[in-house]
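Below is one structure; the comments refer to it alone.
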Amino acid sequence: MYEIVSKEVLNEAVELMEIHAPYVARKCEAGQFIIVRVDEEGERIPLTIADYDREKETVQIIYQVVGYSTQLLSKLQVGDSVHDFVGPLGQPAPLHKLDHVIGIAGGVGAAPLYPQLRKLHEMGVKVDVIIGGRSKDFVILEDKFREFCNNVYIATDDGSKGTKGFVTTVLTDLIDKGEKFDEVIAIGPLIMMKNVVNITKPLNIPTSVSLNPIMIDGTGMCGGCRVTVGGETKFACVDGPDFDGFEVDFDECIKRQGLFKQEEKVESDHKCKIGRG
Ligand code: NAD
Ligand code: FES
């Protein structure tokens, strides 16, 4: 069992939990993920590691309360425990010691982006970030990014904070003003990452993206998380989750992501009559 040592509500849909998980905390690197099961019969929830503290032996996860299983997770409080917390899974993000890198976070994509940018800063890279959200309440981790980023740009769809528009609006403005980036790391909705690549690819600015397709076992056995990268089938859980954005077949990812929308809604709306949830 893995105890919840702190919990924070970041906005109406997103929560942060810090979990005591000594093995994962000792080994994990930026970019890797864990699979959590709330109880013995629970569904496996893959979540990217948002932060870790090797001394406290804790790992932070940030999740959107969207379906039945994340609702169960959300009901737990400090002092409660989750049944399984398996990891670290996946590959550490490929981080390069360049001069200037910009991270682009869409909504909860800020969670996996944070440890990657912090690591780059520790490596001596000048780091900027663009954080996007539907409105100001959906812009998360701004203060944490401000601790080490040279520039923090905010974009909101409704203009309630920062630039009115998408993260891509800000990226285009910066490039038009003559800013030079050696690499872009974009994490957020697939359509956002696809549109970032549509900007960076013609300019040949290397772009890393993080894919989180449907995952079941998280160990390369089930094939659920398959994606096409550079014309080859890859498994996001063992080959990723970070990939070269120029090579990702985003249209296929978007199509596959929509496959189980109806089932997820039924599960989320389900009112259990046998005592679970
Ligand atoms: P959202 O739909 O509210 O979008 C967040 C921001 O992304 C927007 O504010 C905007 O700036 C940008 N965006 C959205 N649509 C865009 C478009 N068409 N063009 C350019 N930019 C666009 O995001 P959310 O509800 O917080 O969802 C976050 C997404 O991130 C989820 O789909 C989740 O699957 C994904 N995610 C990915 C990872 C990962 O590791 N890859 C981790 C966590 C979350
Ligand atoms: Fe099963 Fe990746 S989750 S192969």
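Numbering of residues begins at 1 and proceeds along the displayed sequence. When a ligand or atom number is given, it counts from 1 through the structure's own listing order.
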Heavy-atom check, side chain of I130 versus side chain of L174, under 4.5 Å
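Heavy-atom side-chain distance check passes, below 4.5 Å.
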Does the plane of the ring in Y114 sit parallel, tilted or perpendicular to the ring in F145? Use 30° and 60° as the thresholds.
perpendicular
Test salt bridge (charged side-chain N to carboxylate O under 4.0 Å, His left out) on R118 and E147; report intermediate values, then the result.
CA-CA 9 Å; R118 190 184 58 187; E147 284 171 15; over 6 Å; no
Name all residues meeting the salt bridge (charged side-chain N to carboxylate O under 4.0 Å, His left out) criterion together with D84; count only those two or more places apart in sequence or in a different chain, and write none if there are none.
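Salt bridge (charged side-chain N to carboxylate O under 4.0 Å, His left out) list for D84, sorted by chain: R37.
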Compile the protein residues with any heavy atom at a distance under 4.0 Å from an atom of ligand 1; present them by chain, then by number.
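Within 4.0 Å of ligand 1, protein side: T48, Q64, G106, G107, V108, P112, G132, G133, R134, D157, F166, V167, T168, I187, G188, P189, I191, M192, N195, S210, L211, N212.
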Is F148 atom CZ crowded by more than 12 heavy atoms from other residues, nucleotides or ligands, each under 6.0 Å away?
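Yes - once you tally the heavy atoms of other residues, nucleotides and ligands closer than 6.0 Å, there are more than 12.
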K7 atom NZ, neighbour heavy-atom count above 12 within 6.0 Å
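Above 12, so yes.
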Let me see the working for I49 and D51 under side-chain contact (heavy atoms from CB on, under 4.5 Å), right down to the final yes or no.
CA-CA 6 Å; I49 291 166; D51 204 358; 5.9 Å; no
Is D251 salt-bridged to K194, cutoff N-O under 4.0 Å?
yes
Residue pairs fulfilling side-chain hydrogen bond (donor to acceptor under 3.5 Å, both in side chains) with at least one residue in residues 173-190, sequence neighbours excluded
H96-E183
Residue and atom, protein N/O/S, under 2.8 Å of atom 2 (Fe) of ligand 2
C225 SG, C237 SG
